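Everything numeric in this text was worked out from a predicted model, so none of it was measured. Reckoned from all heavy atoms, side chains included, excluding hydrogens, waters and symmetry mates.
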Amino acid sequence: MEYVKRAALLLFAAVSFFGCRKSRVVSSVEKEVLFSLNYGSFEDELNVFSLSNAVAVRTAVSMHDGFFYILNGEAGKIMEMNSYGDLLALYYNEETNPRPSFYGPSDPVNSTRAAVAYAFNEPSAIAADSRKYLYAVDRLPLERQETDAKTGQVLSQIIVRFDEKKQYMNYIGQQGPGGTPFPHIKNIFTTDRNELVVLCSAASGVVVYWFSADGFLLYSIPIENENIPNPFAQEKSGSFFSLENVVPDYNERKLYLKVDYFSSYVDESSRVQSGIEYAATLVHPFDVERNSYDFPITIPAYEERLSEGFSKEQFDIPYDFLGVTDSGWLYFIVATEEGFSLQMVMSDGQRILRRKIDVSRKDSLYCTLSLSREGIISALIVQKESASVCWWRLDSLLQAVIKS
């Protein structure tokens, strides 16, 4: 109860504070295009997937310590490249990809490029740590999938890992190496301790699995909807919320739960419930070791202004939670006509920065973003003729703010 009261007071103060601020022009962050990828089946090319199919696109990018890991799930391969676009390693399914031109029996440690054959089925997410271990989510074939007897969920995914020598180590399941398959994996992360964090869907919320650097289970954290704090529960009838994302901290064993709150909208003239309206967004830090929530962080909404004739309307839209940096900045993003609007909030809630990220909607068929622990946003942008990898160096902006 005390937590709810404090959250409500913080929310009221934050809404009052941000409501009184004058709007300012938000500047854009310069985009730097690093390299391009042609479409095709060769080792350094991207498979031309069909965006017209009603299935999730399994192509993503992740950047760690200046190296880019490009997952081309449609082709069943992962490309490791430097910032110049030079291919350093290829993890590939031999049945869906031709043998790389540089394939040879030499030791991958001593060669300039490594070819690692692995029978990927449906890879869907990737992460790397400071040891250059590579983790990839993959789906098991039907004959190896299981069903949870309690929840009825299909347990179909595992995490395969490769060491710094580009050699396959083993796969990680719910209990650790060789464990029970996971339910649907939403995302995977690595921390500064080289610990692996797995975010899974659950019947009544999500489950977070936290593994040691050796791959053994440290914590299993079920986050059920009924236990998520709701400061509006006693203030407004018909209030509800949506857990949009969960992201781990890099330095501490802590989770950040981004929750959007809504309430039922009642028409004043008819007094009939006619819809829902957005109320607020809170990020709830959760201390894994103490099994308790810390004081919440209020996240201002994106203000969308629409004009039609002489009338103007403003709508509040909640941001999506992109991730957190090792210096404690929380990144939030929302799609706009020009690209994306970015909001960076310090974990103590005392500082907020807003920037624009320009991405041409006209020329882009698909765009996937990734946030590094330094605060750099990387993107893989799929266009008609080729794909490009670019980044926005927001780390220098954060360093300047910290120094000031």
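Tested against I78 for a side chain to side chain contact (heavy atoms under 4.5 Å, CB included), the candidates F162, Y118, Y91 yield a single pass: Y91. Under the side chain to side chain contact (heavy atoms under 4.5 Å, CB included) rule, Y331 has a single partner from V324, T325, D320, V247, which is T325. Considering E146, Q175, Q174 in turn, Q175 is the only one that fulfils the side chain to side chain donor-acceptor pair (under 3.5 Å) rule with T180.
Looking at D192, its side chain never comes within 3.5 Å of a backbone N or O of D326 through a donor-acceptor pair. With hydrogens and angles ignored, the 3.5 Å screen pairs no side-chain donor or acceptor of R393 with any backbone N or O of G375.
Because its NZ or CZ atom is not both nearer than 6.0 Å to the ring centre of Y319 and within 45° of the ring axis, R354 does not count as a cation-pi partner of that residue. For the pair K77 and F120, the NZ or CZ position fails the cation-pi test of under 6.0 Å to the six-membered ring centre and within 45 degrees of the ring normal.
The aromatic ring centres of F286 and Y256 sit 6.0 Å or more apart.
A search for side chain to side chain donor-acceptor pair (under 3.5 Å) contacts involving Q153 returns nothing, not counting sequence neighbours. Judged as a side chain to side chain donor-acceptor pair (under 3.5 Å), and not counting sequence neighbours, E224 has no contacts. For F240, the ring-ring contact (aromatic ring centres under 6.0 Å, His included) test picks out F262, with sequence neighbours left out. For Y133, there are no ring-ring contact (aromatic ring centres under 6.0 Å, His included) partners at least two apart in sequence or on another chain. For the salt bridge (Lys or Arg N to Asp or Glu O under 4.0 Å) test, no residue two or more places apart in sequence or in another chain qualifies with D44. I70 is linked by a side chain to side chain contact (heavy atoms under 4.5 Å, CB included) to F35, L37, L46, V61, M79, M81, L380, V389, counting only residues two or more places apart in sequence or in another chain. Remark: N194 pairs with D129, S130, R131, A213 by the side chain to side chain contact (heavy atoms under 4.5 Å, CB included) rule, at least two apart or across chains. For the salt bridge (Lys or Arg N to Asp or Glu O under 4.0 Å) test, no residue two or more places apart in sequence or in another chain qualifies with D358. Residues meeting the ring-ring contact (aromatic ring centres under 6.0 Å, His included) test with Y92, sequence neighbours left out: none. With sequence neighbours excluded, no residue satisfies side chain to side chain donor-acceptor pair (under 3.5 Å) with T147.
You'll find the side chain of I158 stays beyond 4.5 Å of the side chain of I185, heavy atoms only. For the pair V198 and V208, the minimum side-chain heavy-atom distance is 4.5 Å or more.
Residue pairs meeting the ring pair (Phe, Tyr, Trp, His ring centres under 6.0 Å) criterion with at least one partner in residues 174-214, sequence neighbours excluded, are F182-Y209. The side chain to side chain donor-acceptor pair (under 3.5 Å) contacts involving residues 30-40 comprise E32-W391, where partners must be two or more places apart or lie in separate chains.
A salt bridge links K166 with E80; the closest basic N to acidic carboxylate O contact falls under 4.0 Å. At a threshold of 4.0 Å, the pair D163-R161 does not count as salt-bridged, since none of the basic side-chain nitrogens sits closer than that to a carboxylate oxygen. E289 and K254 are not joined by a salt bridge, as no carboxylate oxygen comes within less than 4.0 angstrom of a charged side-chain nitrogen.
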